[in-house]
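Structure record follows, encoded as structure tokens.
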Amino acid sequence: MVNRPRRSVYVPQDIEPKWQKVWAERGVMKARDDSPKPKYYDLVMYPYPSGDLTVGHARNYVMGDVLARMKRMQGFEVLHPFGWDAFGLPAENAAMKRGNLHPESWTLGNIAKGTRELKMMGILYDWDREVTSCLPDYYRWTQWLFLLMLERGLAYRAMAPVNWCPVDKTVLANEQVINGRCWRHPDVEVEKRDLEQWFLKITDYADRLLDDLALLDRWPHKVRVMQTNWIGRSKGAEVDFEVEGLGGETVRIYTTRPDTLFGATFMVLAPEHPLVERITTEKHRERVREYVEKARKETEIERLSTERVKSGVATGGFAINPVNGERIPIWVADYVLMTYGTGAIMAVPAHDERDFEFATTYHLPIREVIAPPGGEQGELREAYTGPGLMVNSGDFVGLDAAAGIEKVTAWLEARGKGKPAVKYRLRDWLISRQRYWGAPIPVVYCPVDGIVPVPAEQLPVLLPKEYRPLPDVPEFWRATCPRCGGEARRETDTMDTFIDSSWYFLRYASPHDQTQAFDPELANHWMPVDQYTGGVEHAILHLLYSRFFTKVLHDAGLLNVSEPFKRLFNQGMVKRFGQVMSKSLGNGVSPEELVAAQGADAGRIYEMFIGPPEEDVEWSDAGLNGVVRFLQRVWRLVLEPESIAEDGSGPDGGADVAVLRRKVAQTVGRVTEQNEELRFNTAVAALMELANSMQDYLQGGGSRDADWDAAVRTLVKLLNPMAPHICEEMWERLGESGMLADASWPEFDAAAAAELKLVLVVQVAGKLRDRLSVEAGLSEADALTAALASEKVRAALNGHGPSKVIYVQDRLINLVP
RNA sequence: GUCGGCGUGGCGGAAUGGCAGACGCGCCAGCCUUAGGAGCUGGUGCCCGAAAGGGCGUGGAGGUUCAAAUCCUCUCGCCGACACCA
């Protein structure tokens, strides 16, 4: 019988709950406001508590947790908070589905469940700072921020066309309108209604929101591009065209190409343009009215489709082109939008694709005024939008089109017929929602005083206990005017939930403050967020709104920063069977199942190892087994190295202590750097390599001396952020005093790094020298001199982190036979 | 259509312009086991070859460089965002 050493097997379920309890008791992740240590604010986007938490969502939180734990070990005072974006439609839908369920109890139930699952995964937050946006403690301050906006002239009420379902008696979101019909009543057509709604004037901040994107150099390029396009700043000119027969009255158009003004052969107004009625002649009245009516009925989606053929009608009216006095016909067409520019354009079919298409359809003249460089003029088959010289353009002929833009604009300005103008695609933010489950907008309407804000000291405006549409709850909307004390009606709309999420990251700084939304001193201490992690689906809305709020609060003197998130990361999604994991699709794996099957640590490492963090990944149980094997091996390496040593003879030279030492140093550098850059998949690979090297060392007959000991301790520390439970357990069994959470992160030796840099120079230069002497016939000495002088060699050494230098050096050393 | 991103083994993926395929999965062979979907050892880009060895290789075509998966130009294919914004 073989006498095997008895192995103590690592059973995650035996140790994980124990350590989770210890961390909670010791308050390991409590952030101290008065700590002398440098701060690190590690934030994950707070989720909607849908009750559907899968390992897919957990991946995001594990990333944040790994970073938080590493930063803590590195000596930072880490703020790693969590909260819930708890207002919103799904809660109301769930409540409606199940008669007597209140949105609040549904929401709070999901929160309790989610909290448990996060803790089960070993994810540590400072739960004392938990924020829940649907609780009065929080939405009181959401309301206060609305008042601040109002006070600063950034909140206003205006008419807006909205989608209205006559059966549900509520406004619908654009996504809830399908083919012009209500999503819940496929036979009911949605009406367009003009309703008074509340808006926030985000357009006031368009320039700063755009310009400051340049400061966000640690944001994904993609997100910055998306925001740039969304804001959509364009520069051009507004030009006034006199309307024939209207007594000198003018129509103002906007164009980005004033250089093509001589090519304007007609004008187009949006159907909603206020002058349509007056410009239209008697003869055309009926047809224009019909067309405008039809356009009004169309949904945005239909109207904005580029697929369809352009349509329009002539008004019978004419405008006078200010540059040449030419009479051009005025048309109405729905490809011109009232919501952009001035709602009117000059049509230059020769140099604008849309105008070209329209002119072709209705046989309107096309006049070329920009000649392509070197190209001959002739029949245009499509609009030419490139550069060129101005032709057929009066005194401007021969000018370069780019220069023409300025010259023509100046010419117009001098005569009071136009001026430079900047336009944005960005619209003001409509924040009114005809919903129960949101923060009530804190204003009342008084017959005497008009719109009156609820005084800050009377906040919060509480939601009624009973779940019913707010306009149906008289005890809610009956109010007294704070100004005159007379009878008034309370606003029954609630706020868009994106308002809640535009400032939650500030509440974490002082979550229990009963006197203000946040303590400016504490907010200034913790802000900006050093690392913000969340889904790319928020690339525009949430991130733009949060930036807007931050700038407003900065202007109000309440915040020092004007950008909230220093570094942004968008993680990929976890899929299973080709689809994004979700409980409703039945392909979700819950943290609970995962922990029961393979343990939290294996799950955490797998989530990090499964693929690049920014990529979508496919969950597989086979892959999970691989990391379980890895953890088992680490366990034996650390606690029972003798059992590994007996397992076989490793490669020759496997016991080289210098190799082991170098591997340890290299791994410290790689894991530090790659965790910092959130490249967790390669950090795990580096740890696996270290374990492999340690195994080779043991099996090659290496002695378990001080070097071995150092390797073991380094491995445990480096692995700790990813697999904290097993590392705590091993640390304790190694007889170390003190919790691993208090242990320091292994330092990278700067002197060693410098030395290695030198080795790298020699290696790279040596390679180059060899080539030069063979291929250019230089003597060895000359070749070496040339090689060392080479820019490439010098450049090769600049700006690289220690781990990369070691890595390259490692690879190059092996080149030498 | 416009903008952005990505194309590397059977698979997920590694590679400061410097050995392409780290690490893992899977697979093959062997060991150990009463047994194994456990553990251990070795192998595993493709082609030729018994082996030694040789040839080919990062979607395709050019280019820059002593050196290209990486930089440049064109092209093909996927993915994402925006989409009549004048």
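Computed over heavy atoms, backbone and side chain alike; hydrogens, waters and symmetry mates excluded. Residue numbers start from 1 in every chain, and the chains themselves are labelled A, B, ... in the order their sequence lines are given, proteins ahead of strands.
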Notebook entry, point to check: Rounded to whole angstrom units, what separation is found between the CZ atom of A/Arg224 and the P atom of B/C82?
Noted result: 19 Å

Item checked: Atom pair distance, as rounded to whole Å: CG in A/Leu698 and P in B/C40 -> 13 Å

Margin query: Taking the basic N atoms (NZ, or NE/NH1/NH2) and the acidic carboxylate oxygens, is any pair closer than 4.0 Å for A/Glu677 and A/Arg218?
Written below: yes

Notebook entry, point to check: What's the closest nucleotide to the A/Pro612 side chain, out of B/C84, B/A86, B/A14?
Noted result: B/A14

Notebook entry, point to check: Which part of the nucleic acid does A/Gly232 contact within heavy-atom distance under 4.0 Å: base, sugar-phosphate only, or nothing?
Noted result: nothing

Check: Of all the nucleotides listed (B/G12, B/A22, B/A14), which has the minimum atom distance to the side chain of A/Asn681?
Finding: B/A14

Margin query: Taking any heavy-atom pair under 4.0 Å as a contact, classify A/Ser234: base, sugar-phosphate, or nothing.
Written below: sugar-phosphate

Margin query: Using the rule given for ring-ring contact (aromatic ring centres under 6.0 Å, His included), can you reason through A/Tyr362 versus A/Phe266, listing the C-alpha separation, both sets of side-chain angles and the distance that settles it, and then say yes or no?
Written below: CA-CA 11 Å; A/Tyr362 292 99; A/Phe266 57 103; 9.0 Å; no

Notebook entry, point to check: Any idea which of B/A15, B/A86, B/A83 is nearest the A/Arg425 side chain?
Noted result: B/A83

Checklist line | Residue whose closest nucleotide on RNA chain B lies nearer the 5' end, A/Glu615 versus A/Glu353 | finding: A/Glu353

Check: Which nucleotide in the set B/C40, B/C82, B/A81 lies at the smallest distance from any side-chain heavy atom of A/Met226?
Finding: B/A81

Checklist line | Beyond-backbone contact of A/Leu269 with A/Val336, side-chain heavy atoms, under 4.5 angstrom | finding: no

Item checked: Whole-Å P distance, B/C76 and B/A61 -> 15 Å

Notebook entry, point to check: Of all the nucleotides listed (B/G24, B/A22, B/G5), which has the minimum atom distance to the side chain of A/Asn692?
Noted result: B/G24

Notebook entry, point to check: Counting side-chain heavy atoms from CB outward, which of B/A86, B/A15, B/C3 is closest to A/Thr682?
Noted result: B/A15

Notebook entry, point to check: With side chains defined as the heavy atoms from C-beta onward, is the minimum distance between A/Asn675 and A/Met722 less than 4.5 Å?
Noted result: yes

Next item on the list: Would you kindly give the CZ-to-P distance between A/Arg629 and B/C40, to the nearest whole Å?
Entry: 8 Å

Next item on the list: Respond yes when some side-chain nitrogen or oxygen of A/Tyr340 is under 4.0 Å from OP1 or OP2 of B/A86, and no when none is.
Entry: yes

Item checked: Nucleotide nearest A/Ala622 (side chain, heavy atoms from C-beta), chosen from B/G13, B/C23, B/C25 -> B/C25

Note to self: Only pairs with both distances under 3.5 Å count, Watson-Crick or wobble alike; so what is the partner of B/A86 in this structure?
What the structure shows: none

Item checked: Base paired to B/G39 (Watson-Crick or G-U; both N/O distances under 3.5 angstrom) -> B/C31

Margin query: What's the gap between B/A67 and B/C28 when it is taken at their C1' atoms, as a whole Å value?
Written below: 37 Å

Notebook entry, point to check: How far does the P atom of B/C71 sit from the matching atom of B/U8, given to the nearest Å?
Noted result: 15 Å

Note to self: Checking the side chain of A/Gln13 only, and the main-chain atoms of A/Ala596 only, is there a donor and an acceptor separated by less than 3.5 Å?
What the structure shows: yes

Next item on the list: Round to the nearest Å and state the distance from A/Ile328 atom CD1 to B/A86 atom P.
Entry: 19 Å

Note to self: Counting only Watson-Crick pairs (N1-N3 plus N6-O4 or O6-N4) and G-U wobbles (N1-O2, O6-N3), all under 3.5 Å, who is the partner of B/A81?
What the structure shows: B/U2

Checklist line | Complementary nucleotide of B/A67, counting Watson-Crick and G-U pairs under 3.5 Å | finding: none

Checklist line | Separation between the C1' atoms of B/G49 and B/G59, rounded to whole Å | finding: 30 Å

Item checked: From B/C40, B/A22, B/G4, nucleotide with atom closest to A/Arg633 side chain -> B/C40

Check: What is the base-pairing partner of B/G45, counting Watson-Crick and G-U wobble geometry with both distances under 3.5 Å?
Finding: B/C56

Margin query: By the rule that syn is within 90° of 0, classify the base conformation of B/G30 as syn or anti.
Written below: anti

Note to self: Measure CH2/A/Trp619 against P/B/G24 and give the value in whole Å, please.
What the structure shows: 19 Å

Check: If we call it a pair only when both distances are under 3.5 Å in a Watson-Crick or G-U wobble match, what pairs with B/G24?
Finding: B/C11

Note to self: Please evaluate residues A/Arg633 and A/Gln695 with respect to the criterion side chain to side chain donor-acceptor pair (under 3.5 Å), reporting the C-alpha separation (whole Å), side-chain torsions for both, the decisive distance (0.1 Å), and the verdict.
What the structure shows: CA-CA 9 Å; A/Arg633 196 137 51 98; A/Gln695 180 168 333; 2.7 Å; yes

Notebook entry, point to check: Mind checking the C1' distance from B/G9 to B/C23? Whole angstroms is fine.
Noted result: 14 Å

Next item on the list: Let me know which of A/Leu715, A/Leu690, A/Leu718 forms a side-chain contact (heavy atoms from CB on, under 4.5 Å) with A/Val664.
Entry: A/Leu690

Next item on the list: Kindly point out which of B/C23, B/U41, B/G13 is positioned nearest to the side chain of A/Gln699?
Entry: B/U41

Item checked: Rounded distance in Å between the C1' positions of B/A86 and B/C6 -> 33 Å

Check: Using atom P of each nucleotide, how far apart are B/G24 and B/G77 to the nearest Å?
Finding: 38 Å

Check: What nucleic acid atoms does A/Arg427 come within less than 4.0 Å of, heavy atoms only: base, sugar-phosphate, or nothing?
Finding: base

Next item on the list: Rounded to the nearest angstrom, tell me the gap between atom CE in A/Met688 and atom C1' in B/C23.
Entry: 7 Å

Next item on the list: Whole angstrom is fine here: how far is it from CD in A/Gln666 over to P in B/A15?
Entry: 13 Å

Checklist line | Rounded distance in Å between the C1' positions of B/A14 and B/G7 | finding: 16 Å

Margin query: If you compare every side-chain N and O of A/Arg679 against the phosphate oxygens of B/G13 (OP1, OP2), does one of them come in below 4.0 Å?
Written below: no

Next item on the list: Say whether, by atom type as modelled, one donor and one acceptor occur between the side chain of A/Thr265 and the main chain of A/Pro365 under 3.5 angstrom.
Entry: yes

Item checked: Nearest-nucleotide 5' precedence on RNA chain B, A/Val225 against A/Asp355 -> A/Val225

Note to self: What is the separation between atom CH2 on A/Trp635 and atom C1' on B/G39, rounded to the nearest whole Å?
What the structure shows: 18 Å

Next item on the list: From the options B/C25, B/A14, B/A86, select the nucleotide whose nearest atom is closest to the side chain of A/Ile345.
Entry: B/A86

Next item on the list: Kindly check if the number of other-residue, nucleotide or ligand heavy atoms within 6.0 Å of CD (A/Glu353) is above 12?
Entry: no

Margin query: Regarding A/Ile253, tell me which of base, sugar-phosphate or nothing describes its non-hydrogen contacts under 4.0 Å with the strands shown.
Written below: nothing

